[in-house]
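First the structure, in the form of structure tokens, and then the observations on it.
Protein chains get the first letters and strands the later ones, always in sequence-line order, with residue 1 at the start of each. Please read these numbers as outputs of a predicted model, since none were measured by experiment.
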Protein chains: 4
Amino acid sequence: MTADHAKPRRQHTGRRRNDAAREAILDATFDVLRDRGVDGLTIDAIAEAAAVGRQTIYRWWPSKGAVIAEAMARRARAIVPVRDSGSFAGDLKSFITDSFAGLEDEGMRRALRQLAAAAQRDEHAAQVVRDFTAQRRATLRALFAQGAERGDVSPAADLGMLVEMAYGVLWYRTLISHGPLDAGAAESLTAHLLAAARRQVR
Amino acid sequence: MTADHAKPRRQHTGRRRNDAAREAILDATFDVLRDRGVDGLTIDAIAEAAAVGRQTIYRWWPSKGAVIAEAMARRARAIVPVRDSGSFAGDLKSFITDSFAGLEDEGMRRALRQLAAAAQRDEHAAQVVRDFTAQRRATLRALFAQGAERGDVSPAADLGMLVEMAYGVLWYRTLISHGPLDAGAAESLTAHLLAAARRQVR
Amino acid sequence: MTADHAKPRRQHTGRRRNDAAREAILDATFDVLRDRGVDGLTIDAIAEAAAVGRQTIYRWWPSKGAVIAEAMARRARAIVPVRDSGSFAGDLKSFITDSFAGLEDEGMRRALRQLAAAAQRDEHAAQVVRDFTAQRRATLRALFAQGAERGDVSPAADLGMLVEMAYGVLWYRTLISHGPLDAGAAESLTAHLLAAARRQVR
Amino acid sequence: MTADHAKPRRQHTGRRRNDAAREAILDATFDVLRDRGVDGLTIDAIAEAAAVGRQTIYRWWPSKGAVIAEAMARRARAIVPVRDSGSFAGDLKSFITDSFAGLEDEGMRRALRQLAAAAQRDEHAAQVVRDFTAQRRATLRALFAQGAERGDVSPAADLGMLVEMAYGVLWYRTLISHGPLDAGAAESLTAHLLAAARRQVR
DNA sequence: AGTTAATCGAGACGGTACGTCAGGTCTTGGC
DNA sequence: GCCAAGACCTGACGTACCGTCTCGATTAACT
């Protein structure tokens, strides 16, 4: 007698979608991604970690990349708000420092790398990455625009370029150079961005 | 009789390594990568496109990523030399414009994206990417150092950060935002970098 | 507006078992079995053809084989009565001819083959087959016993064996050799059975 | 260190088909069929029992039924030779007794039932069953023809029917009635067949 | 000149993951 | 309580690639 009856971990919801299963899948995806990397991220592994049938994953997501993307987007939600420190320099520094801080965990960086990799081959993941990063860029761009109103950013400055110089460093260090994203890096980047914004050369 | 015997496209080299086969593999890898993306890039596909046995690939490269990396490095060789225009601003602009120009072909960008994706999961590809980009950074850093000697770059400037701001934009636009890498973008980036380098704010 | 709302083909019976649903299931089972063979005979297919929920099938039958068996038994009911022609030879010939005639439809033969196949793997179907064939054997055996009383069957004859020689041919031709089960075959079999019954050798 | 290197159970044959693998698959199929029945006979189970990759099975057989059929045919080979006892009655009795004896093992009967079931749904298995049984029928028919020459079988007898009466009993008892196939049954069947063959009634 | 040795194209092999399909269980909401 | 509907977990299916192995051929280097 194996006394295996203590199994109903999750409530069945009958003919309606089980949202608990959905969340379990997304959580499991993130966990597997962080702990085992992308090679260990098989649909089977997700299904097993989420205690879910494989079909349940295929029923709701069109591809593995879509699951990864949604799992990641779920974690990145509500991070890096714009803070009002009274000065443009302060606001920018806070924003960049906070953005970097969100990646201080190696697991998070690893997951982000996998997401970027997935986006190169999976259209669904690519869409999520596109939307997510566009929204982040818009936020930072608004901050620069605010700086322009205050006179801290030259009217001749290319705000889009400034934004991509900032996020470029963040992603480049995450994906390519594996350079640090600590407070010092944030400070240095902020200083150079301020200089770049202030005076447009020629 | 099917007269199919007119097949020996490539000379057999006996017990010595057949360099023609090696090149066929690298060419085929790049072609498949560009034309079919990373999902179509199977060892079988490379072998078939190169008219080569699979074992011949495994004999000379430790992993698929290594093949991709070498195929890519082969194409990127000898691009973006440092030109001496007489002024730091001119040199920087040339460097960045040339760097961007190397990616004006969509096929090249696609291949680069696949390389970056491969580097996230394949140690051999990662190593090649690491080495290649480190070398590029060193080149650009030397250019900034030369600018510092001329007084165009502030002694307080963080040269490493400036370098990554430049390459960050290049990779960010390639991998994430898919923004343009044309002459206008190069000019804007150059201008902002010059400003960032010239005056270190606090 | 697709005007698809005109769907209630069948009356809902509320909390009492809906016998119309039961019959729809059995009919659908037989139809699917005959038309699409056993590979097309999925529970889903039956449910869809009967316009019934899957659960309704599982509520009333323990297995697919049980449904098949009941669907078949329903069709085979009240066939092949014993006729009294006045002579044993005439009675036997009628019985065999009628038995064969019940299988002149290819759909019926196909369904019977599927039933036999189901009985090899499903205990419920096996039970139905066992009961049904035992009843048929008993009927034929009674006919032989009657022949023994009349002196047309030797007292030394093995009635059980004679019965299985008859049904053996019927099933063997249905399942294995696909030989004809027409009037000529019935006549030949009858003649040989009469000879076999009349004189027990040694 | 797991010392797992003692693995090469079977010799690799390179680019040529490995006949040892083929035989291992057929053996494993028969074993699984006999031991676990048809529900346990999955391709995975065969592959695992044969220590073979699933693809190796799919490479050489078009369907599961084809594997079953070949595995069975392999076992049934060279059984039931025609023996020359000097008399037709003796030869027939030997043949039937030997045929029955080949099924005295319950595992063999079970496997045969599964083969018959497979033949109802799989064209490849059906073909093998058709060929195999046709060959057996031809052998027995030749025996009856020889009896006709000796005068033990009436010229008016329907040899084909006699053959199917014999094999009908064998298969009917195996598939349907599960009656005994022992020496007594063989003797009874032989006696009735002799009577049926000797005198054609009417 | 004959032998040895390494490469090559080819393709079978033991595996792993894929995405699909069917089975049998469960719950909802309507009747 | 019965019913249609459909989500759920499970597990087999057949396919695609992986990386390894062996073959027979070809040629270069060594005897």
Side-chain angles (χ1 to χ4, degrees), chain A residues 7-8 10-18 20-21 39 41-45 47 50-60 62-64, chain B residues 7-8 10-18 20-21 39 41-45 47-48 50-60 62-64, chain C residues 7-8 10-18 21 39 41-45 47-48 50-60 62-64, chain D residues 7-18 20-22 39 41-45 47-48 50-60 62-64:
Chain A
K7 274 287 189 82
R10 198 184 298 128
Q11 195 63 24
H12 236 290
T13 59
R15 70 179 283 189
R16 279 210 311 269
R17 176 168 189 181
N18 190 339
D39 286 337
L41 187 70
T42 64
I43 296 285
D44 274 289
V52 140
R54 247 195 340 274
Q55 190 61 45
T56 300
I57 299 176
Y58 287 115
R59 199 180 346 259
W60 300 111
S63 72
K64 191 160 69 175
Chain B
K7 274 286 189 91
R10 199 184 298 128
Q11 194 63 26
H12 221 295
T13 58
R15 73 180 280 187
R16 275 209 314 269
R17 175 168 189 182
N18 189 341
D39 286 338
L41 186 69
T42 64
I43 295 284
D44 275 289
E48 191 183 347
V52 138
R54 253 200 328 273
Q55 189 60 45
T56 302
I57 299 175
Y58 287 114
R59 204 182 338 263
W60 301 111
S63 72
K64 190 161 69 174
Chain C
K7 275 284 189 89
R10 196 186 304 126
Q11 195 62 27
H12 226 293
T13 58
R15 73 182 279 183
R16 271 206 317 275
R17 175 166 188 183
N18 188 340
D39 286 338
L41 185 70
T42 64
I43 293 286
D44 274 290
E48 190 182 347
V52 137
R54 251 195 335 256
Q55 190 58 44
T56 302
I57 299 176
Y58 287 115
R59 204 181 339 261
W60 302 110
S63 73
K64 191 163 70 174
Chain D
K7 275 287 190 82
R9 318 168 193 229
R10 198 185 297 128
Q11 195 64 25
H12 237 289
T13 58
R15 73 177 283 188
R16 278 208 313 270
R17 176 166 190 184
N18 189 340
R22 179 180 165 276
D39 287 337
L41 186 70
T42 64
I43 295 284
D44 273 290
E48 190 183 346
V52 140
R54 241 190 349 265
Q55 190 60 45
T56 301
I57 300 176
Y58 287 115
R59 197 173 355 252
W60 300 111
S63 72
K64 192 161 68 176

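- Here the nucleotide nearest the side chain of D:T42, chosen from F:dA5, F:dA12, E:dG19, is F:dA12.
- Residues B:R54 and B:D44 are in side-chain contact: their nearest non-hydrogen atoms beyond the backbone lie under 4.5 Å apart.
- At least one side-chain nitrogen or oxygen of B:R59 sits closer than 4.0 Å to the OP1 or OP2 atom of E:dC8.
- Distance from the side chain of B:R10 is smallest for E:dC8 among the nucleotides E:dT25, E:dC8, F:dT15.
- Between the CD atom of B:Q11 and the C1' atom of F:dT27 there is a distance of 9 Å, given to the nearest Å.
- Relative to the side chain of B:A21, the nucleotides E:dG19, E:dG9, F:dG24 differ in distance, and E:dG9 lies closest.
- The interatomic distance linking B:L41 (CG) with F:dC18 (C1') rounds to 13 Å, in whole Å.
- Neither OP1 nor OP2 of E:dA6 sits under 4.0 Å from any side-chain N or O of B:W60.
- Remark: D:R22 fails to qualify as a cation-pi partner of D:W60 under the 6.0 Å distance and 45° angle criteria applied to the six-membered ring.
- B:A51 approaches B:R10 most closely through the heavy-atom pair O-NH1, 3.5 Å.
- Taking both residues in full, the closest heavy atoms of D:N18 and D:Q11 are given as ND2-O, 2.8 Å, listed atom of the first, atom of the second, then distance.
- In this structure, D:R15 places its CZ atom 4 Å from C1' of E:dA10, rounding to the nearest Å.
- You'll find that the side chain of D:N18 is closest to E:dC13, out of E:dC13, F:dT27, E:dA10.
- Rounded to an integer number of Å, the gap from B:R17 CZ to E:dG9 P is 11 Å.
- Computed from coordinates, the B:D44 CG to F:dC18 C1' distance equals 9 Å when rounded to whole Å.
- A donor-acceptor contact under 3.5 Å links the side chain of B:Q55 to the base of F:dC21.
- Rounded to whole angstrom, the span from the CD1 atom of B:I43 across to the P atom of E:dG9 amounts to 14 Å.
- With F:dA4, E:dG11, F:dC8 as the candidates, the nucleotide lying closest to the side chain of B:R54 is E:dG11.
- Picking from F:dC18, E:dG23, E:dT7 the nucleotide with the shortest atom distance to the side chain of C:Y58 gives E:dG23.
- The nucleotide whose nearest atom lies closest to any side-chain atom of D:H12 is, among E:dT20, E:dC18, F:dT22, F:dT22.
- Residues B:G14 and D:A50 both approach DNA chain E. Their nearest nucleotides, taken by heavy-atom distance, put B:G14 toward the 5′ side.
- Residue B:T56 places at least one side-chain N or O closer than 4.0 Å to OP1 or OP2 of E:dG9.
- Residues B:A47 and B:G53 share a closest heavy-atom pair of CB-C, 4.3 Å.
- Regarding A:R16, its CZ atom lies at a distance of 11 Å from the P atom of E:dG30, rounded to whole Å.
- The CD-P distance, from C:E48 to E:dG23, rounds to 13 Å in whole Å.
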